[in-house]
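One-based numbering along the sequence shown. Fair warning: this is a prediction, and the values are worked out from it, not measured in the lab.
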Amino acid sequence: MKILSEFMPSTTSADSSKRYFTFAERRKAPRYTVVAIAELTDPGDAKMLSAKVTDVSRTGCYVDSPKTFPVGTSLKVIISRDQRTFVAKADVIHVQEQMGMGIAFIDPPQDQLKILDSWLAALPSTTSVGSTSQSKR
């Protein structure tokens, strides 16, 4: 995926070595469209939020919700689908105010990854990992 230069921040000699990535280039695993319910709990202050998961991968998910936690918040995530639940620790890595947030799973236990993998195996992938050279043409 190419980023147009007019949308890139201007560079100076201090930051000219930085590379600007699209979200697709930074993904470590394919993303899948899914409909599931998530319960997100901030153990620090015991706030809980229920929301809809719309995209999921082996490394995280996107949650649709007008209410969000700040970037960097550590959460306990419980995703329910097909009468099974996936439970993991996670961090909020991206927020779209009034829309939702991206969540990265933090070292999910193997038994939980098996549940997630069983869901992913039944879903069609919506994005490729890395650059567009891996996408279908």
How about [X] and [Y]: do any of their side-chain heavy atoms sit closer than 4.5 Å?
{"X": "V63", "Y": "F69", "result": "no"}
{"X": "V71", "Y": "T73", "result": "no"}
{"X": "V92", "Y": "T68", "result": "no"}
{"X": "V34", "Y": "R81", "result": "yes"}

Treat each ILVMFWY residue as a node, draw an edge where side-chain heavy atoms are under 4.5 Å apart, and state whether [X] and [Y] are in one component.
{"X": "V77", "Y": "I115", "value": "yes"}
{"X": "L120", "Y": "I103", "value": "yes"}
{"X": "I79", "Y": "L123", "value": "yes"}
{"X": "L113", "Y": "I78", "value": "no"}

From [X] [atom1] over to [Y] [atom2], what is the distance, rounded to the nearest 0.5 angstrom?
{"X": "R84", "Y": "W119", "atom1": "CZ", "atom2": "CH2", "result": "7.5 Å"}
{"X": "D111", "Y": "L116", "atom1": "CG", "atom2": "CG", "result": "11.5 Å"}
{"X": "F86", "Y": "S118", "atom1": "CZ", "atom2": "OG", "result": "10.5 Å"}
{"X": "F105", "Y": "D91", "atom1": "CZ", "atom2": "CG", "result": "11.5 Å"}
{"X": "Q83", "Y": "T85", "atom1": "CD", "atom2": "OG1", "result": "11.5 Å"}
{"X": "M101", "Y": "S65", "atom1": "CE", "atom2": "OG", "result": "5.5 Å"}

Please step through salt bridge (charged side-chain N to carboxylate O under 4.0 Å, His left out) for the pair R58 and D117, ending with a clear verdict.
-> CA-CA 7 Å; R58 202 164 197 269; D117 287 341; 2.7 Å; yes
Distance-only donor-acceptor pairs under 3.5 Å for side chains of residues 38-50, two or more places apart:
from, atom 1, to, atom 2, distance (Å)
D42, OD1, G44, N, 2.9
D45, OD1, K47, N, 3.3

[X] to [Y] - nearest heavy-atom pair and separation:
{"X": "A88", "Y": "P108", "value": "CB-CB, 4.1 Å"}
{"X": "V87", "Y": "P109", "value": "O-CD, 4.2 Å"}
{"X": "A90", "Y": "I106", "value": "CA-CG1, 3.8 Å"}

For K52 and Y62, what are the C-alpha separation, side-chain angles and deciding distance, and is it a side chain to side chain contact (heavy atoms under 4.5 Å, CB included)?
-> CA-CA 9 Å; K52 181 173 84 170; Y62 185 82; over 6 Å; no
